[in-house]
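Below you'll find the structure, written out as structure tokens, and then a few comments.
All residue numbers refer to positions in the sequence shown, counting from 1. Just follow the structure's listing: the first ligand is 1, and inside any ligand the first atom is 1.
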Amino acid sequence: MTTLLQPSPGYGLGLRAPYYEAILASNPPIDWFEILTENYLVAGGKPLHYLDRIRERYPVVMHGVSLSIGSTDPVDFDYLGRVRALAERIRPRWISDHLCWTGCGGHNFHDLLPLPYDDDVIRHVAARVRQVQDFLGQRILLENVSSYLQYRHSTMPEWEFLSAVAGESDCLLLLDVNNIYVSATNHDFDPLDYLHAVPAERVQQIHLAGHRNHGDYIIDSHDQPVVDAVWALYARAIETIGPRATMIERDDNMPPFDDLLAELAEVRRVAGEALAAA
Ligand SMILES: [Fe+2]
């Protein structure tokens, strides 16, 4: 049977500046790193210097936040040209961004905003994904975002929308299990309904992260360890979808590097147990 997916490189971490030196000094047992694409789009400079050296030792994947695939503004081919040039330099396993919009009319809100879920938006986004994939010469991965609002004119749940966009554009998916949990809590749906509806054959990568729970709503903050409920949902994801390249996103309140290595060991343990139970 043919597969849409690249082989899984295993278990990774987000590459963040406070850890550059520790990584180069200790060669930690991490299978791959995910970079934030926008941090490396300028020619030269310290970030690219470190990335080139770390890339010599580890596989990397590229994760962007500026594609704004759902916007009504034209696709930004100037930005995409810089993404493509970086990809030619570092040869990532794959390139991802988010199923969202970040601005329109030339205004950037600097936030990953959810889209209305209906057939017109599916067609709109899928056409743009195909443009991007044609330009980059490869399938991209789109990630489900955390959301804090819903649109009255949505006609389907998020998981149907995500699946339809992926099918119509022939793209791959980056499933953020924490984002599913956050949105399920904020919008009162069952996260297992989401997991069971996702087209497993298109899920190339999984994200895990911590969040802040404010009681009746959750903010996706990436500044805490992964919580027990998200570990449990991750185990269900692996049972349902199968083994997938998984990484932890940590972007604020940065802990000692050894704490992240311990959390990554927990990813391996939870995934291993879930696969044994599946
Ligand atoms: Fe994520």
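Other residues, nucleotides and ligands place more than 12 heavy atoms under 6.0 Å from the CG atom of Asp134.
The ring of Trp32 has its center no closer than 6.0 angstrom to the ring center of Tyr58. The six-membered or imidazole ring of Phe109 lies near that of His107, with a centre-to-centre distance under 6.0 Å.
By the side chain to side chain donor-acceptor pair (under 3.5 Å) test, Asp251 pairs with Arg16, His222, sequence neighbours left out. With sequence neighbours left out, the side-chain contact (heavy atoms from CB on, under 4.5 Å) criterion links Ala200 to Ile241, Arg244.
Inspection of the environment of the Fe ion (ligand 1) yields the following protein N, O or S atoms under 2.8 Å: Glu143 OE2, Asp176 OD2, His207 ND1, Glu249 OE1.
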Atom pairs and distances, donor-acceptor, side-chain atoms in residues 43-51, under 3.5 Å, two or more places apart:
| from | atom 1 | to | atom 2 | distance (Å) |
| --- | --- | --- | --- | --- |
| His49 | NE2 | Arg53 | NH1 | 3.3 |
| Tyr50 | OH | Glu21 | OE2 | 2.5 |

